[in-house]
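See structure below.
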2 protein chains.
Amino acid sequence: MSLDARKQKILQAIVRDYILTAEPVGSRTIARRYLMDISAATIRNEMADLEEMGFLHQPHTSAGRIPSESGYRFYVDNLLDEATLSEQEVQAIKQIYHQQAQVLENVIQEAAHLLSSLTDYMALASGPQAGSSRLQKLHMMEVQKGKALVVVVSDNGLVANRMINLPDDIEQSDLDGISDYINRNFYNVTWNQMLKSGILNVRQDIGRRIEQFDQVVELIQELLLGESTADIYLGGTARILVQPEFQDVNRVRSILKLLDHREAMLSLVGEKQFTDNVQVTIGSENQLEEVENCSLVTALYRWNGAPVGWVGVLGPTRMDYARAMTAVREVSKLLTDIFNKG
Amino acid sequence: MSLDARKQKILQAIVRDYILTAEPVGSRTIARRYLMDISAATIRNEMADLEEMGFLHQPHTSAGRIPSESGYRFYVDNLLDEATLSEQEVQAIKQIYHQQAQVLENVIQEAAHLLSSLTDYMALASGPQAGSSRLQKLHMMEVQKGKALVVVVSDNGLVANRMINLPDDIEQSDLDGISDYINRNFYNVTWNQMLKSGILNVRQDIGRRIEQFDQVVELIQELLLGESTADIYLGGTARILVQPEFQDVNRVRSILKLLDHREAMLSLVGEKQFTDNVQVTIGSENQLEEVENCSLVTALYRWNGAPVGWVGVLGPTRMDYARAMTAVREVSKLLTDIFNKG
DNA sequence: TGTTAGCACTCGACCTTGCAGAGTGCTAAC
DNA sequence: GTTAGCACTCTGCAAGGTCGAGTGCTAACA
């Protein structure tokens with residue numbers, strides 16, 4: 001039994017209506033509201049088929065149908081109409097672009113808020129994490145006797161810093177020597193290349209002089225590999241509570257627990273995502289069971305051409321996918337534009 | 001009518017029982033469970049008095065009594081017994097202290113998690129914000145042609161950095177000149193003193209050479225005055241949902257909305273708090289209406305003797321104040337210890 | 001004068017019952 | 001292959017009844 005045109009139309013109608021109302025959809029509703037040229041009885045027959053094929057299910061005998069995860073999946077892959085943003089919404093996006101003083105964190109945070117207000121779901125955004133970027137500059141500055149600040153910059157413009165302790169006999173000139181050495185030998189070099197060309201040897205040479213040189217190496221590694229427990233920005237956490245499926249506190253709890261484990265949130269998106277398309281993960285397609293009745297819509301943003309982070313929304317599986325996808329796409333474009341204009 | 005010893009005992013019993021059960025407390029319960037030497041009828045009379053005095057109220061005629069905000073206030077100020085932490089809990093605290101690689105953000109985040117798990121409420125912590133600290137060191141490094149990173153360190157060990165654009169004709173040696181000048185003239189100087197001794201003049205001198213010198217000044221100001229929208233760390237957001245008063249989603253919503261406005265969360269604690277004691281704010285004593293049926297227990301932590309940030313828990317007004325206060329006190333001490341040992 | 005027992009009363013929580021409405025599956029007719 | 005009709009199922013809701021916890025008041029007691 002294949003999904004002929006009529007079945008597809010019916011499935012589409014059911015998904016749309018359910019997204020709108022959050023109530024199980026009956027055959028009569030479909031006949032009246034969406035497909036006035038066929039009767040409810042016919043639709044009932046088709047619905048029975050669709051249920052057997054796994055695209056729908058019934059909460060109980062005398063209720064309407066609800067799309068299953070495969071139902072949503074088919075809808076997203078085949079039946080979706082592009083959504084468009086209103087002129088007003090487009091303006092709201094542009095406003096961020098033209099904003100003053102674009103400090104990295106603020107821009108991403110604003111983007112998350114914007115995305116959440118566009119979709120009415122909870123928005124997530126990762127801070128930029130350079131996958132395998134290159135060392136641009138390292139600097140060590142003595143801040144007070146016995147304490148120095150190490151600052152590392154990558155070619156993507158990311159910055160990391162850490163305070164380290166020094167033995168008493170080290171002076172700023174020694175630090176300059178070390179950072180000069182590193183800058184000369186490892187400029188524009190990735191972490192992997194560093195390993196090969198011997199940053200570990202440097203560690204041995206210098207290790208005697210700076211006990212905590214390990215921390216410097218670690219800092220470089222974290223920055224270049226993007227392995228730091230990078231920042232996650234959230235927007236509209238409270239908005240998910242508006243959705244009728246989250247009226248029950250127990251359902252919300254598992255999502256909120258995620259907020260406590262930001263490293264877990266990074267894993268939500270994972271590494272599969274290296275396409276420019278908007279990605280949709282529906283229900284249990286997500287690895288984390290905390291969000292097994294949620295869907296996630298995400299997209300990458302880029303910095304100097306390379307993907308460095310992502311934005312997305314998390315909502316119920318009964319999500320307005322068309323709208324969410326458009327909003328996520330536009331906001332990710334916005335971030336890419338902002339980061340590449342400077 | 002004054003609060004004689006017996007009334008105090010009864011109030012104490014009611015608050016304790018209500019904290020425990022979250023159910024309105026009846027006279028019989030008190031007589032049986034707490035004060036077996038007086039009868040329920042007597043307690044009823046006393047309770048009527050306590051209600052008239054504003055320490056209790058009744059949800060409806062035939063229900064028990066619930067402490068009012070003034071009831072909690074009197075309890076916290078006069079009737080509280082010190083709580084103690086279990087050996088196990090003390091160990092958990094010490095564990096953070098002895099942890100490796102104490103990166104600032106991680107330590108504070110861990111502290112928030114710890115505090116939340118100790119109390120079962122939501123924990124908040126501000127990142128260090130130096131109130132009026134002193135410039136320790138400024139460094140400007142050219143990262144690529146036309147782009148420089150400015151790094152500023154305060155005497156509290158706080159670090160801020162920002163990327164600025166440069167005109168083409170500026171080189172690293174020029175940047176060094178400028179930062180040398182600032183370091184020589186403003187070392188160990190507060191923002192207020194800088195204004196007096198003329199950082200604005202410097203701006204005029206140098207302004208011609210670096211268009212974006214404003215941003216450098218702004219960065220210094222933000223760091224020294226602690227006016228940056230500093231980081232707020234949260235722990236156990238999901239835990240508040242366990243409390244019976246937050247079974248209703250609408251009550252949770254207003255709290256979660258706070259999470260979206262981190263600058264508002266800073267204002268929760270505000271400036272009144274410059275004592276070393278643990279501070280308790282009950283219900284509408286809080287400025288923000290979002291938390292009008294919550295209580296907040298906070299304490300400062302210090303860095304080199306100066307108060308730089310705070311930790312606290314947010315829970316229902318029916319909070320185990322004794323325990324919360326002890327936990328908050330210990331965790332704030334922990335942070336102070338950690339920051340001062342290095 | 002303060003304390004206590006007893007009693008009538010109140011109110012919410014909970015259960016049962018009955019009904020209306022929405023929706024289905026099946027069958028027979030078109 | 002499509003449709004109308006019908007019996008059946010299940011939820012949601014409102015009405016009514018009972019139970020139990022708790023109160024305020026009064027009268028008796030120490």
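Letters A, B, ... are given to chains in the order of the sequence lines, protein chains preceding strands, and every chain is numbered from 1.
Counting distance only, with no hydrogens placed and no angle test, the side-chain atoms of Arg32(A) and the base atoms of dG23(C) include no donor-acceptor pair under 3.5 Å. Not a single donor-acceptor pair, N or O on each side, falls under 3.5 Å between the base of dG22(D) and the side chain of Arg28(B).
When heavy atoms are screened at a 4.0 angstrom cut-off, Ser39(A) is found touching the sugar-phosphate backbone but no base atom.
By the 30° and 60° cut-offs, the orientation of the rings of His113(B) relative to His261(A) is parallel.
Spacing between atom CD1 of Ile30(B) and atom C1' of dG22(D) amounts to 13 Å, rounded to whole angstrom units. Here dA13(C) presents its P atom at 9 Å from CD of Glu23(B), a figure rounded to the nearest Å. Look at CG on Leu50(A): it is 12 Å from P on dG25(C), rounded to the nearest Å. In this structure, the CD1 atom of Ile43(A) is 14 Å from the C1' atom of dT24(C), given to the nearest Å. As a whole-Å value, the separation of Lys7(A) NZ from dT2(D) C1' is 13 Å. Atom CD1 in Ile38(B) sits roughly 17 Å away from atom C1' in dA30(D) (whole-Å rounding).
When both pairing distances are held under 3.5 Å, dT1(C) makes a Watson-Crick or G-U pair with dA30(D). Pairing of dG12(D), defined by two Watson-Crick or G-U wobble distances under 3.5 Å, is identified with dC19(C). Using the Watson-Crick or G-U wobble rule with both distances under 3.5 Å, dT3(D) pairs with dA28(C).
Side-chain proximity of Thr29(A) to dT24(C), dG23(C), dA4(D): nearest is dG23(C). For His60(B), counting side-chain heavy atoms from C-beta on, the closest listed nucleotide (dG22(D), dT3(D), dG12(C)) is dG12(C). The side chain of Ser27(A) has dT24(C) as its nearest neighbour among dG25(C), dT24(C), dT3(D).
Along DNA chain C, the nucleotide closest to Val25(A) and the one closest to Asp37(B) are compared, and the more 5′ of them pairs with Asp37(B). Place Ala41(A) and Asn45(B) on DNA chain C by their nearest nucleotides, and Asn45(B) ends up nearer the 5' end.
Other residues, nucleotides and ligands place more than 12 heavy atoms under 6.0 Å from the CD atom of Gln91(B).
Comment: Lys257(B) does not engage Glu290(B) in a salt bridge, judged by the lack of any side-chain N to carboxylate O separation of less than 4.0 angstrom. With salt bridges taken as basic N to acidic carboxylate O contacts below 4.0 Å, one links Glu82(B) and Arg329(B).
Here Arg65(B) does not reach the OP1 or OP2 of dA21(D): none of its side-chain N or O atoms lies under 4.0 Å away. The side chain of Arg6(B) contributes an N or O atom lying less than 4.0 Å from OP1 or OP2 of dT3(C). For Thr61(A) and dC10(D), the shortest distance from a side-chain N or O to OP1 or OP2 is below 4.0 Å. Regarding contacts with the backbone of dC8(D), every side-chain N or O of Ser62(A) stays at 4.0 angstrom or more from both OP1 and OP2.
Side chains of Ser295(A) and Tyr321(A): a donor-acceptor N/O pair is present below 3.5 angstrom, by distance only.
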